[in-house]
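Below is one structure, written out as structure tokens; comments come after it.
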Amino acid sequence: MGCQQFQVRLLWIQEVSAPRRTEQTGGKHCNMGIFVCRNSLRMLNVRWLYHRCLSLYNSNHGFNEAKIKEKLAQFTGGSVDLSKMDNGIAEICINNPSRMNAFTGTMMIELEERISDLENWKNGKGLIVYGAENTFCSGSDLNAVKAISNPQEGMMMCMLMQNTLTRLQRLPLISVALIQGKALGGGAELCTACDFRLMTEGSEIRFVHKQMGLVPGWGGAARLIHLIGSRHALKLLSGALRVHPENALELGLADNILLGTEDGFLSEAENWIMPYIKGPSDVSRAVKKVIISGREQKLEDALRTEKEIFGTVWGGLANLQALAKGTKHK
Ligand SMILES: CC[C@H](C(=O)O)C(=O)SCCNC(=O)CCNC(=O)[C@H](O)C(C)(C)COP(=O)(O)OP(=O)(O)OC[C@H]1O[C@@H](n2cnc3c(N)ncnc32)[C@H](O)[C@@H]1OP(=O)(O)O
């Protein structure tokens, strides 16, 4: 099985099926010690493959992660803040308000670290990505961009960000971008890596790349086409069009327009996501995983993965409780 096919299968192997398999095969037939040892080695191997394969680029593709991170570390400022709450929702705040939440080099590195943290958060169900001080994100920090304007370094930065945003998209969490103010350039690309987009009145998503003599490089073009189709995507990119909330809703780029409550937009976004993450985390995560496999794999592979994920919830606690309660769906 190639790395690409392996990626989505690893999503469930890594965390869900392993413990159940331990119970099933560890009983009668195996010597427990040898079994645990083999299983740990297998899991170490799987973990290594998991991180290598969930990313698109590694050294085989000429990607030198350490080198580009060393370069990016020179461009400091801002932060990417993560908070994980007891209700299973995490929040990532893109925090660099003096530059309209543009991504400095250190923020790109931090985003990758926060995604790693979330990959290891086994009880998580939802994620809200938002920008500090009522604006989303204005893309790359232009100061950093100017300093790494040779194609080789540009492509390394692009590979790092594609890896990170692809891993964000593949998290077993239902993710929402809360867009207040502007989502420009890389900021527009970031919001397409979330499952849903909620926009506030007066906000805009704008792929400004063409006006910068560029095309999207963080995976935003490919994801935009999946979201709204190639005709509309072509218009947005070639015209560097401003997409306002009503227009985004019509295009299928936004999922809702938030009007603002007393508690603020963040808690409105939390309320919005709640029905989708209701219930036990293993079921909610399994739902996201079947969607990822359906989206990313060929039909036959997706069907097989769906069967495996199904096996992780069938006869599980939530399933047995629902059966015992005689749950009706009126
Ligand atoms: C693949 C991704 C792609 C790439 O890296 O290849 C990119 O993302 S390229 C970057 C695309 N983004 C931009 O070009 C944004 C440029 N900025 C603007 O258009 C405006 O600043 C805007 C519309 C975001 C805000 O305009 P407004 O009038 O409301 O405020 P200011 O212009 O005064 O901005 C306040 C302050 O923020 C600084 N700023 C804003 N964006 C960036 C940025 N991307 N990088 C660095 N700094 C940014 C701006 O310069 C102002 O700073 P000041 O010191 O007050 O001049």
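Since we're looking at a predicted model, the values are computed, not measured. Order of listing sets the numbers, starting from 1, for every ligand and every atom in it.
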[atom] touched by protein heavy atom at under 4.0 Å:
atom                    : result
atom 20 (C) of ligand 1 : no
atom 23 (C) of ligand 1 : yes
atom 32 (O) of ligand 1 : no
atom 56 (O) of ligand 1 : no
atom 8 (O) of ligand 1  : yes
atom 49 (C) of ligand 1 : no

Would a distance-only check, ignoring hydrogens and angles, find a side-chain to backbone donor-acceptor pair under 3.5 Å from [X] to [Y]?
X      : Y      : value
Arg223 : Glu189 : yes
Asn101 : Ala132 : yes
Asp195 : Ser175 : yes
Glu306 : Val290 : no
Asp255 : Arg197 : yes
Arg114 : Asp81  : no
Lys122 : Glu119 : yes

Check your understanding: Which heavy atom in Thr104 sits nearest to a heavy atom in Thr76, and how many Å separate them?
Key ->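 For Thr104 and Thr76, the tightest heavy-atom pair comes out as CG2-O, 3.5 Å.
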**Study point:** Ring geometry between Tyr57 and His61 (parallel below 30°, tilted from 30 to 60°, perpendicular above 60°)
**Key:**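 The rings of His61 and Tyr57 stand perpendicular, inter-plane angle above 60°.
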Protein contact to [atom] [nearest heavy atom, distance to 0.1 Å]:
atom                    : result
atom 52 (O) of ligand 1 : Ser98 O, 4.0 Å
atom 38 (C) of ligand 1 : Arg99 CA, 3.7 Å
atom 46 (C) of ligand 1 : Asp141 OD1, 3.2 Å
atom 43 (C) of ligand 1 : Ala102 CB, 3.5 Å
atom 41 (N) of ligand 1 : Ser138 OG, 3.0 Å
atom 35 (C) of ligand 1 : Met100 CG, 3.9 Å
atom 44 (N) of ligand 1 : Ser140 O, 2.9 Å
atom 6 (O) of ligand 1  : Leu214 CD1, 3.1 Å

Atom indices of ligand 1, in the order listed, that fall short of 4.0 Å to a heavy atom of [X]:
X      : result
Gly139 : 8 (O)
Val145 : 5 (O)
Lys182 : 23 (C)
Glu189 : 1 (C), 2 (C)

Structural part of [X] in contact with ligand 1, heavy atom criterion under 4.0 angstrom:
X      : answer
Cys158 : neither
Met212 : side chain
Leu184 : side chain
Phe103 : neither

What about [X]: any of its N or O atoms under 3.5 Å from an N or O on ligand 1?
X      : answer
Gly186 : yes
Leu142 : yes
His209 : no

Practice item. Decide yes or no on ring-ring contact (aromatic ring centres under 6.0 Å, His included) for Phe265 and Tyr130, but give the supporting numbers first. Key: CA-CA 10 Å; Phe265 287 116; Tyr130 71 103; over 10 Å; no
Establish whether [X] and [Y] are linked, either directly or via other cluster members, by ILVMFWY side-chain heavy-atom contacts under 4.5 Å.
X      : Y      : result
Leu251 : Phe136 : yes
Ile109 : Leu56  : yes
Met100 : Phe103 : no

Practice item. Have a look at Ile277 and tell me which of Leu127, Asn87, Leu173, Ile174 forms a side chain to side chain contact (heavy atoms under 4.5 Å, CB included) with it. Key: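 Of all the options given, the one that passes is Ile174.
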Practice item. For the residue pair Ser116 and Arg167, confirm or rule out a side-chain donor-acceptor distance under 3.5 Å. Key: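 Yes, because at least one side-chain N or O of Ser116 sits under 3.5 Å from a partner of the opposite role on Arg167.
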